[in-house]
Student: 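First, the structure itself, so that you have it in front of you.
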Amino acid sequence: MLEIQNLTKIYKNVVANSNLSFTVQAGEVAVLLGPNGAGKSTAIKCIAGLLRFQGEIRVCDFPNKSIEAKRNFGYIPEIPSTYENLTVMEHMEFISLAYKVDDWKPKAQGLLVRFEMMDKVDKLGKELSKGMQQKLSICCALIAEPKVVLFDEPFVGLDPHAIKELKDLIGEMRAKGSAVLISTHMLDSIEELWDKAFIMCHGKIAAIRKRSEMEQNGESLEELFFEITEGKEEKA
């Protein structure tokens, strides 16, 4: 489970995140939505442990910067960062050793097959296209089978086959009880995936909705998103 309580991040005199509080439960796919400048990227970096912040972030009941939390956490950034002088398979081996993944080779091969990368196993990180680097980043993050997974704009740069496989994997992670958080501003990319939505605006959570509630009330996530982001206020 991912739990955020009163997350606040201030850059000098600019409040990027103001008292964000939300949770993603086990077996739940949540989406963090908002226009450019809403504060999503800052929140993502705080959750991933890349920024200092005020408040509390817990992964599987551990502080997010602790070793215990990191063992259960997978992060796929918007801009992939690979090791230039490691091959694709060496990336998978390195991450597997770091996370102490048992019998890692079949797991690595399974992920690489799904993302059509077996013909790239001997390619260096610096030789891969951005799309291939994104696929490798996903494979590296998922080989340890994390219980909490954070995606930042995961579909950008992926080909249609990779998008389908990633959506299938997200569904499989949900079925296995993982908590998944996807940050995006592309509503159509997550239309069929989400169970809970958090809409951000001006550094705050403007609304929280469950899919079941919206369907019962006849609400549209797209309409709610534009209602909020075009200037109307709503309390979460």
Side-chain angles (χ1 to χ4, degrees), residues 1-9 15-44 46-48 55-61 64 74 76 78 146-156 158 160 163-236:
M1 182 184 76
L2 175 64
E3 183 177 8
I4 290 87
Q5 291 290 334
N6 302 316
L7 169 61
T8 296
K9 177 61 182 178
V15 180
N17 292 152
S18 179
N19 291 312
L20 306 186
S21 294
F22 60 88
T23 60
V24 185
Q25 303 289 351
E28 190 170 58
V29 176
V31 290
L32 185 63
L33 305 172
N36 292 332
K40 300 191 310 298
S41 293
T42 297
I44 290 296
C46 289
I47 294 168
E56 185 176 22
I57 300 174
R58 299 184 72 83
V59 174
C60 297
D61 291 328
N64 72 316
I76 297 88
E78 179 179 6
K147 295 178 181 178
V148 176
V149 188
L150 176 58
F151 292 96
D152 190 3
E153 299 290 0
F155 304 109
V156 175
L158 293 182
I163 290 173
K164 178 185 180 299
E165 286 298 330
L166 180 54
K167 288 182 176 181
D168 288 346
L169 273 168
I170 290 171
E172 292 166 19
M173 285 186 279
R174 173 203 278 136
K176 291 179 180 178
S178 294
V180 180
L181 177 63
I182 305 170
S183 173
T184 186
H185 64 275
M186 300 167 61
L187 291 174
D188 57 344
S189 68
I190 48 83
E191 183 176 0
E192 74 276 26
L193 293 175
W194 64 281
D195 301 305
K196 184 190 291 183
F198 311 113
I199 302 178
M200 285 193 68
C201 194
H202 305 304
K204 299 180 180 180
I205 297 291
I208 297 176
R209 290 289 190 277
K210 290 184 177 180
R211 179 190 286 273
S212 57
E213 295 172 344
M214 296 198 75
E215 290 177 348
Q216 185 176 356
N217 296 329
E219 289 184 290
S220 162
L221 181 59
E222 183 177 23
E223 290 177 3
L224 178 63
F225 176 84
F226 285 115
E227 179 181 349
I228 290 171
T229 57
E230 288 176 357
K232 297 181 181 179
E233 296 291 330
E234 171 164 333
K235 293 182 180 180

Student: Could you tell me whether Glu215 and Arg211 have a side-chain N and a carboxylate O separated by less than 4.0 Å?
Tutor: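 Yes, Glu215 and Arg211 are salt-bridged.
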Student: For the side chain of Lys9 and the backbone of Ala16, is there at least one donor-acceptor N/O pair under 3.5 Å apart?
Tutor: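 No, Lys9 side chain to Ala16 backbone: no donor-acceptor pair under 3.5 Å.
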Student: Heavy atoms, side chains only, cut-off 4.5 Å: are Val29 and Phe151 in contact?
Tutor: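 With C-beta onward as the side chain, the pair stays apart.
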Student: Where do Gly27 and Asp195 come nearest, in terms of heavy atoms and distance?
Tutor: O-OD2, 4.2 Å
Student: Could you pull out the closest heavy-atom pair between Ser189 and Thr184, with the gap in Å?
Tutor: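 Smallest interatomic distance, heavy atoms only, reads OG-OG1, 3.9 Å.
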Student: Which residues pass the side chain to side chain donor-acceptor pair (under 3.5 Å) test with Glu78, sequence neighbours left out?
Tutor: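 Listed in chain order: nothing, the list is empty.
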Student: So, does Arg174 use its side chain to make a donor-acceptor pair with the main chain of Leu193 at under 3.5 Å?
Tutor: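 Checked: pair present.
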Student: Output the distance between atom CD (Glu227) and atom SG (Cys201), rounded to the nearest 0.5 Å.
Tutor: 11.5 Å
Student: Is there a donor-acceptor pair under 3.5 Å between the side chain of Asn17 and the backbone N or O of Gly39?
Tutor: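 Answer holds: yes.
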Student: Using a 3.5 Å distance criterion without hydrogens, assess whether the side chain of Thr8 forms a donor-acceptor pair with backbone atoms of Asn19.
Tutor: yes
Student: Calculate, to the nearest 0.5 Å, the distance between atoms CD1 and CG belonging to Ile199 and Leu224 respectively.
Tutor: 4.0 Å
Student: Apply side chain to side chain donor-acceptor pair (under 3.5 Å) to Lys167 and list each qualifying residue two or more places apart in sequence or on a separate chain.
Tutor: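 Side chain to side chain donor-acceptor pair (under 3.5 Å) check on Lys167 returns Glu192.
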Student: Take Asp188 and Phe155 through the side chain to side chain contact (heavy atoms under 4.5 Å, CB included) test and state the conclusion after the steps.
Tutor: CA-CA 11 Å; Asp188 57 344; Phe155 304 109; over 6 Å; no
Student: Could you grab the distance from atom CD1 of Ile182 to atom CG of Leu166, nearest 0.5 Å is fine?
Tutor: 7.5 Å
Student: Closest approach of Pro35 and Phe225, non-hydrogen atoms and distance?
Tutor: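 Shortest heavy-atom separation between Pro35 and Phe225 comes out as N-CZ, 4.0 Å.
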Student: Determine whether more than 12 heavy atoms belonging to other residues, nucleotides or ligands lie under 6.0 Å from atom CD of Glu172.
Tutor: yes
Student: Going from CD on Gln5 to CG on Leu7, what distance comes out if it is rounded to the nearest 0.5 angstrom?
Tutor: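 Gln5 CD to Leu7 CG: 10.5 Å, rounded to 0.5 Å.
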Student: Do the side chain of Asn64 and the main chain of Ile4 share a donor and acceptor less than 3.5 angstrom apart?
Tutor: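 It does not hold such a pair.
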Student: For residues Leu150 and Ile76, determine if any side-chain heavy atom of one lies less than 4.5 Å from a side-chain heavy atom of the other.
Tutor: no
Student: Are there more than 12 heavy atoms of other residues, nucleotides or ligands under 6.0 Å from atom CD of Glu191?
Tutor: no
Student: Measure the shortest side-chain to side-chain distance between Leu32 and Ile205 over non-hydrogen atoms and say whether it is less than 4.5 angstrom.
Tutor: yes
Student: Taking Asn6 for its side chain and Gly55 for its backbone only, find out whether a donor-acceptor pair lies under 3.5 Å.
Tutor: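 Judged by distance alone, no pair lies under 3.5 Å.
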Student: Which pair of non-hydrogen atoms, one from Ala179 and one from Leu2, has the smallest distance, and what is that distance?
Tutor: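 Smallest heavy-atom distance, with atoms named: CB-N, 4.4 Å.
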Student: Please report the closest heavy-atom contact between Pro154 and Ser183, naming both atoms and the distance.
Tutor: CD-O, 4.1 Å
Student: So how far is it from Thr42 OG1 to Leu20 CG, rounded to the nearest 0.5 Å?
Tutor: 9.5 Å
Student: How many angstroms lie between atom CD of Glu165 and atom CD1 of Ile170, to the nearest 0.5 angstrom?
Tutor: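 Output value for this atom pair is 11.5 Å.
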Student: Return each pair, listed once, that meets salt bridge (Lys or Arg N to Asp or Glu O under 4.0 Å) where at least one residue sits in residues 21-35; pairs must be two or more places apart or across chains.
Tutor: Glu28-Lys196
Student: Can you name the nearest heavy-atom pair linking Thr23 to Glu3, along with the distance?
Tutor: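 Looks like CG2-CG, 3.7 Å.
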